[in-house]
Enquirer: 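Structure provided below as C-alpha cells; questions to follow.
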Amino acid sequence: DISGDTYSLLRLGDNKFMMAVCDGMGNGEKAHKTSELAINLIENFYKAGFDNDIILSSVNKLLGLNEEETFTALDLCVIDLNTSYADFIKLGASVGFIKHSNTTDIVETSSLPIGILEKMTPHIQKTVLSDRDIIIICSDGVVDAFESPTVLKNLINDTDTLHPQHIADKILESAISQKTIAEDDMTVLVGRLFTKSN
C-alpha cells in the first residue's frame, strides 16, 4: 500500500539541480519513513549549501542514531548547469544511465547503503553532460526486474522519444511486464539537459 521509495527533483539555486531516489529497506510504512527522512535531510543540507561529504556523512550519522536498524539506498545526481558537470553519488543504489543522442552509458555503482556503517565511502562519478543528454535513475526494483542492466540499457537506447515522462513510463511498464508479481517497489526518475535559447 505504501512504497518504500521516495524521490526528489529539486532546484538548488540558479545553476544547480538535484535528482535523487531513496530506497528504504524493505517496503511499507517503515521503509517509506526511513527513505523520506533521508531525502528530506539531503534536500535541506543541499539547500543550505553544504558539500557532498558533509551531507552524506551527516545523514549517515543521523540514520545510525535510530534504535531500530534503518538504512536506505541512495541514488543521487547533482547537476551544475554552469559547467555541465554532474556528480553521480551512489550508496547501495542500482546502476544509473545517461542516454546520449546515439548511445547510452551505464553509471556503475558500489558501496553499502546509508545507515549501515559509521564510516562510509560513496561511489562518486563526475561526468560532463552535453546538450540533450538524458539522466535516468531507478530503484533496484526496476533494475532487478530485467535480466541484466545491459537489457535495460538497450531498452533505453532504443527508445525514440526524448520526453522524460514518456521514457519513465516506458521503463516502468517494461519492468512491470517482466514480473508476474511485484517483488519490490519501483521508482524511475528521468531528467533531460538542454541548452536554453535566448
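Keep in mind that this is a model prediction, so the values were computed, not measured.
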Enquirer: Taking all non-hydrogen atoms of both residues, which atom of V188 and which atom of C138 are closest, and how far apart?
Expert: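 Here V188 and C138 meet closest at CG1-SG, 4.2 Å.
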
Enquirer: Check which hydrophobic residues are tied to Y85 through side-chain heavy-atom contacts below 4.5 Å, counting indirect links as well, and list them.
Expert: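 Members besides Y85, by chain and number: V128.
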
Enquirer: Can you sort out the partners of D131 under side chain to side chain donor-acceptor pair (under 3.5 Å), two or more places apart, ordered by chain and number?
Expert: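 D131: side chain to side chain donor-acceptor pair (under 3.5 Å) contacts with T195.
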
Enquirer: Under the side chain to side chain donor-acceptor pair (under 3.5 Å) rule, collect the residues that match up with H166, sequence neighbours excluded.
Expert: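 In terms of side chain to side chain donor-acceptor pair (under 3.5 Å), with neighbours along the sequence ignored, H166 is linked to no residue.
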
Enquirer: Please tell me whether Y7 and M19 are part of a single hydrophobic cluster in this structure, the criterion being side-chain heavy atoms less than 4.5 Å apart.
Expert: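 Yes: a chain of side-chain contacts under 4.5 Å links Y7 to M19.
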
Enquirer: Is the shortest heavy-atom distance from the side chain of M186 to the side chain of L172 under 4.5 Å?
Expert: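 Touching, per the 4.5 Å side-chain cut-off.
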
Enquirer: For the pair S84 (side chain) and D80 (backbone), establish whether a donor and an acceptor sit closer than 3.5 Å, ignoring hydrogens and angles.
Expert: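 No; zero donor-acceptor contacts below 3.5 Å.
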
Enquirer: Please name the pair of heavy atoms, one in A38 and one in C22, separated by the smallest distance, quoted to 0.1 Å.
Expert: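 What the structure gives for the nearest pair is CB-SG, 4.1 Å.
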
Enquirer: Only counting residues at least two apart or in another chain, list the ones meeting side chain to side chain donor-acceptor pair (under 3.5 Å) with D105.
Expert: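 Checked D105 against side chain to side chain donor-acceptor pair (under 3.5 Å); matches are H100.
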
Enquirer: Can you get from V190 to F194 by hopping between Ile, Leu, Val, Met, Phe, Trp and Tyr side chains that sit under 4.5 Å apart?
Expert: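 The answer is no; the residues belong to distinct hydrophobic clusters.
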
Enquirer: What pair of heavy atoms forms the shortest contact from S174 to F146, and how long is it?
Expert: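 It is OG-CE2, 3.4 Å.
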
Enquirer: Which residues satisfy the side chain to side chain donor-acceptor pair (under 3.5 Å) test with T187, sequence neighbours excluded?
Expert: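 T187 satisfies side chain to side chain donor-acceptor pair (under 3.5 Å) with D5 once adjacent residues are dropped.
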
Enquirer: Which residues pass the side chain to side chain contact (heavy atoms under 4.5 Å, CB included) test with S148, sequence neighbours left out?
Expert: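 Side chain to side chain contact (heavy atoms under 4.5 Å, CB included) list for S148, sorted by chain: T150, V151.
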
Enquirer: Can you find a heavy atom in the side chain of I167 that is under 4.5 Å from one in the side chain of K170?
Expert: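 I167 does not reach K170 side chain to side chain.
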
Enquirer: List for me each residue that meets side chain to side chain contact (heavy atoms under 4.5 Å, CB included) alongside I156, sequence neighbours excluded, and say none if there are none.
Expert: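 Counting only residues at least two positions away or on another chain, I156 forms a side chain to side chain contact (heavy atoms under 4.5 Å, CB included) with F97, K99, T104, I136, L152, I171.
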
Enquirer: Without swapping roles, check the side chain of D133 against the backbone of S130 for a donor-acceptor pair under 3.5 Å.
Expert: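 Yes, D133 side chain to S130 backbone: donor-acceptor pair under 3.5 Å.
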
Enquirer: Got a sec, which residues hit side chain to side chain contact (heavy atoms under 4.5 Å, CB included) with Y46, two or more places apart in sequence or on another chain?
Expert: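 For Y46, the residues satisfying side chain to side chain contact (heavy atoms under 4.5 Å, CB included) (neighbours in sequence not counted) are L12, M18, I42, N52, I55, L76, V78, I89.
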
Enquirer: Find out whether K16 and L81 are in side-chain contact, i.e. whether some heavy atom of one side chain is under 4.5 Å from a heavy atom of the other.
Expert: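 Heavy-atom side-chain distance check fails, nothing below 4.5 Å.
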
Enquirer: Less than 4.5 Å apart, side chain to side chain, heavy atoms only: is that true for C77 and F17?
Expert: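 Side chain of C77 against side chain of F17, heavy atoms only: no contact under 4.5 Å found.
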
Enquirer: Scan residues 145-156 for pairs that pass salt bridge (charged side-chain N to carboxylate O under 4.0 Å, His left out), counting only residues two or more places apart or in two chains.
Expert: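 Every pair satisfying salt bridge (charged side-chain N to carboxylate O under 4.0 Å, His left out) with a residue in residues 145-156: there are none.
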
Enquirer: Taking the side chain as C-beta and beyond, is there a heavy-atom pair between R192 and L162 under 4.5 Å?
Expert: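 With C-beta onward as the side chain, the pair touches.
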
Enquirer: Just verifying a value: how many Å separate D184 CG and D144 CG, rounded to the nearest 0.5 Å?
Expert: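 It is 7.5 Å, given to the nearest 0.5 Å.
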
Enquirer: Just so I know, are the side chains of I79 and I135 near enough to count as touching, which here means a heavy-atom distance under 4.5 Å?
Expert: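 Counting from C-beta outward, I79 and I135 do come under 4.5 Å.
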
Enquirer: Partners of D169 by side chain to side chain contact (heavy atoms under 4.5 Å, CB included), sequence neighbours excluded?
Expert: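 Counting only residues at least two positions away or on another chain, D169 forms a side chain to side chain contact (heavy atoms under 4.5 Å, CB included) with Q165, E173.
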
Enquirer: Quick one: salt bridge (Lys or Arg N to Asp or Glu O under 4.0 Å) partners of K33, sequence neighbours excluded?
Expert: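 Scan of K33 (salt bridge (Lys or Arg N to Asp or Glu O under 4.0 Å), adjacent residues dropped) gives E29.
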
Enquirer: Taking D185 for its side chain and G4 for its backbone only, find out whether a donor-acceptor pair lies under 3.5 Å.
Expert: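 Answer holds: yes.
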
Enquirer: According to salt bridge (Lys or Arg N to Asp or Glu O under 4.0 Å), who are the partners of D87, at least two apart in sequence or on a separate chain?
Expert: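 Listed in chain order: K126.
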
Enquirer: Is I134 reachable from V142 through a run of I, L, V, M, F, W or Y residues, each pair having side-chain heavy atoms under 4.5 Å apart?
Expert: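 Yes; tracing contacts between hydrophobic side chains, which count when under 4.5 Å, links both residues.
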
Enquirer: Is there a donor in the side chain of E43 and an acceptor in the side chain of S8, or the other way round, less than 3.5 Å apart?
Expert: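 Yes, a side-chain donor-acceptor pair sits under 3.5 Å.
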
